[in-house]
Novice: 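Below are the structure tokens for one structure; questions will follow.
Every chain is numbered from 1 and lettered A, B, ... according to where its sequence line falls, protein lines coming before strand lines.
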Number of protein chains: 2
Amino acid sequence: MKAERKNNRERILDAAERQFAKLGFFGTSLRDIARTAGVDVALISYHFGKKQELFDAVMLRRAEILNAERQQMLEAAQRRHAPNPPPIEEIIDAFTHALLNRSTKGGEGWRSYFALIAQVNNHPQWGGAVMNQYFDPLVYKFLDALRDALPGCDERDLFWCYHFLSGALTLTFAETGRIDKLSDGLCNSEDLDDVHERLVPFISAGFKSVCTPERAARPGARRGGRR
Amino acid sequence: MKAERKNNRERILDAAERQFAKLGFFGTSLRDIARTAGVDVALISYHFGKKQELFDAVMLRRAEILNAERQQMLEAAQRRHAPNPPPIEEIIDAFTHALLNRSTKGGEGWRSYFALIAQVNNHPQWGGAVMNQYFDPLVYKFLDALRDALPGCDERDLFWCYHFLSGALTLTFAETGRIDKLSDGLCNSEDLDDVHERLVPFISAGFKSVCTPERAARPGARRGGRR
DNA sequence: GTCTATAGCTTGATAGAC
DNA sequence: GTCTATCAAGCTATAGAC
């Protein structure tokens with residue numbers, strides 16, 4: 001870990017990331033963070049200004065790394081299959097692989113970061129604005145790739161399927177331990193390799209089932225729920 | 001609405017539900033709640049005791065109603081198809097219909113409640129314990145029904161697929177407005193009928209794709225990611 | 001059931017010495 | 001860059017009058 005050698009600025013970011021992930025923005029005090037980081041409270045203001053600005057710094061630090069990796073994986077898949085679009089499975093894999101990989105093998109900092117993302121993504125105030133700011137530029141590239149791979153599909157179908165993907169993925173990061181308890185230990189929410197081999201086929205099948213030209217051709221009226 | 005006629009106890013619950021949904025447990029003060037409810041702060045302690053107990057009361061109030069409705073829908077589907085299991089689509093519909101219906105047509109209180117559920121489900125501390133307490137007894141009945149409808153499937157596949165369902169569903173309740181922004185207004189996160197007609201086939205296709213006897217028969221080794 | 005008053009503590013933020 | 005000291009504001013919770 002060699003956490004000892006880090007400077008105070010990084011230690012504050014690490015501590016903030018960890019505490020925000022545990023108890024959220026409001027559940028975490030600057031004093032919690034300072035104590036966890038082993039620095040004085042006033043140092044936080046000195047380096048980052050207000051609490052909200054510290055939060056933004058935490059969000060930004062790893063987002064850039066992730067987005068670069070994910071974009072590279074998408075482009076690699078596109079090159080492999082050019083001039084055809086890649087199969088859905090490979091697009092979904094490019095979208096999720098870097099995230100699950102970092103979460104599994106990146107150490108505690110990455111784990112905390114993803115747990116924080118899960119909370120933010122499901123927060124009514126921040127879910128829209130923050131996720132949009134840090135991640136949606138890349139999301140558009142994936143939506144373009146999916147659109148190419150699902151010819152003739154309806155735009156709204158596509159967006160909603162992305163929404164389901166986002167929800168399934170971020171709950172996985174939340175590491176709430178719920179599935180562990182539910183399955184009586186059979187599933188381990190920290191074993192993200194187990195997730196990955198199921199998430200990709202699950203989501204791919206969903207996209208293929210919903211994003212069809214047939215559904216796109218249906219009249220504006222909704223299909224009607226069962227009952 | 002006839003909110004005027006409600007007694008103070010209910011008004012406190014309504015206000016707490018709304019404020020907790022907006023800013024979470026720690027982001028909401030008892031004074032916020034009292035102000036929103038139009039009552040004195042001390043009344044909260046009188047009726048509910050500590051802040052945490054108020055939170056529990058909020059969670060419990062609607063959980064019981066929902067679970068009863070969902071169980072009835074599941075049993076109705078099972079009766080319709082007896083002695084065979086119902087199709088996956090009908091099981092998923094029974095799982096989600098009451099939730100989406102209340103969220104759409106139940107008024108602001110229900111909407112807030114579900115937004116709160118989304119946050120709780122993705123919270124590292126409470127996601128496991130709270131959701132387990134209030135909802136998992138019913139979840140087991142749905143898992144039993146799914147197991148019957150997916151003969152020969154692997155247990156871990158089943159649990160993970162349920163996890164994906166839970167994530168996709170709760171993000172929908174969060175009503176973050178992210179998909180609205182992402183789709184430039186094409187999708188409306190408040191129109192849960194739009195969700196419902198896509199969620200059920202999306203999730204059903206995922207279950208059918210992952211929970212197969214073929215996958216269950218694979219060796220313990222994982223399938224190996226792309227790359 | 002409802003309200004006033006207040007105890008006792010923690011919070012975010014900053015001013016200023018070193 | 002770092003720390004001490006401090007402030008005004010807000011917090012939960014309760015005791016006690018009505």
Side-chain angles (χ1 to χ4, degrees), chain A residues 2-61 112 116 119-120 123-126 129-130, chain B residues 2-61 112 116 119-120 123-126 129-130:
Chain A
K2 61 168 68 174
E4 290 310 316
R5 313 228 85 221
K6 285 184 176 174
N7 60 20
N8 280 340
R9 201 174 183 282
E10 291 255 339
R11 298 178 67 182
I12 291 170
L13 279 175
D14 290 344
E17 183 172 66
R18 178 171 161 175
Q19 297 304 104
F20 283 148
K22 267 193 196 160
L23 291 170
F25 181 79
F26 297 109
T28 302
S29 72
L30 294 179
R31 286 171 164 81
D32 283 343
I33 296 169
R35 201 181 315 116
T36 308
V39 304
D40 191 276
V41 227
L43 257 191
I44 300 177
S45 305
Y46 172 75
H47 282 295
F48 297 97
K50 304 209 177 300
K51 188 182 180 184
Q52 180 65 54
E53 296 173 299
L54 169 61
F55 184 85
D56 291 338
V58 168
M59 289 293 299
L60 184 61
R61 179 169 58 154
S112 293
L116 181 56
Q119 285 181 68
V120 169
H123 193 285
Q125 317 274 309
W126 295 340
V130 177
Chain B
K2 60 169 65 176
E4 290 311 317
R5 313 230 84 221
K6 285 183 178 173
N7 59 22
N8 280 340
R9 200 172 185 283
E10 291 255 339
R11 298 178 67 183
I12 291 169
L13 278 175
D14 290 343
E17 183 172 66
R18 178 171 161 175
Q19 297 304 104
F20 284 147
K22 265 193 197 160
L23 292 170
F25 182 79
F26 297 109
T28 302
S29 71
L30 295 178
R31 285 172 159 79
D32 282 343
I33 295 169
R35 202 181 314 115
T36 308
V39 303
D40 191 275
V41 227
L43 259 191
I44 300 177
S45 306
Y46 172 74
H47 283 295
F48 297 97
K50 304 210 179 298
K51 188 182 181 184
Q52 181 65 53
E53 296 172 299
L54 170 61
F55 184 84
D56 291 337
V58 168
M59 288 293 298
L60 184 60
R61 178 168 61 153
S112 293
L116 181 55
Q119 286 180 69
V120 169
H123 192 284
Q125 317 274 310
W126 295 341
V130 177

Novice: Each nucleotide N or O in nucleotides 6-11 of chain D that has a protein N or O under 3.5 Å away: list the pair and distance.
Specialist:
unit_1	atom_1	unit_2	atom_2	d
D:dC11	OP1	B:Ser29	OG	2.9

Novice: Under 3.5 Å, which donor-acceptor pairs link side chains of residues 30-45 of chain A to any protein atom two or more places apart or in another chain?
Specialist:
unit_1	atom_1	unit_2	atom_2	d
A:Asp32	OD2	A:Ser29	N	3.3
A:Thr36	OG1	A:Asp32	O	2.8
A:Asp40	OD1	A:Ala42	N	2.9

Novice: Looking at residues at least two apart in the chain, or sitting in another chain, which of them share a side-chain contact (heavy atoms from CB on, under 4.5 Å) with A:Arg9?
Specialist: A:Asn7, A:Leu13, A:His47, A:Phe48
Novice: Run the salt bridge (Lys or Arg N to Asp or Glu O under 4.0 Å) test against B:Arg61 and tell me which residues pass, sequence neighbours left out.
Specialist: B:Glu10, B:Asp14, B:Glu17
Novice: Would you tabulate the side-chain donor-acceptor contacts of residues 18-27 of chain A under 3.5 Å, counting partners in other chains and residues two or more places apart, or write 'none'?
Specialist:
none

Novice: Check DNA chain D against residues 40-49 of chain A and give the residues with a non-hydrogen atom under 4.0 Å, in numerical order.
Specialist: A:Asp40, A:Ala42, A:Leu43, A:Tyr46, A:His47
Novice: A:Gly38 or B:Gln52: which one's nearest nucleotide on DNA chain D is closer to the 5' end?
Specialist: A:Gly38
Novice: I'd like to check B:Tyr46 versus B:Asn8 (side-chain heavy atoms, cut-off strictly below 4.5 Å). Are they in contact?
Specialist: no
Novice: Should A:Gln119 and B:Gln119 count as side-chain neighbours, where that means a heavy-atom distance under 4.5 Å?
Specialist: no
Novice: If an axis is fit to five pairs at each end of the helix from C:dG1-D:dC18 to C:dC18-D:dG1, what is the angle between the two, to the nearest 10°?
Specialist: 0°
Novice: With heavy atoms of chain B within less than 4.0 Å as the criterion, where does contact along DNA chain C begin and end?
Specialist: C:dG1 to C:dT4
Novice: Pairs in or reaching into residues 48-57 of chain A: which pass side-chain hydrogen bond (donor to acceptor under 3.5 Å, both in side chains), with residues at least two apart or in two chains?
Specialist: A:Gln52-A:Asp56
Novice: Is the shortest heavy-atom distance from the side chain of B:Gln125 to the side chain of B:Val130 under 4.5 Å?
Specialist: no
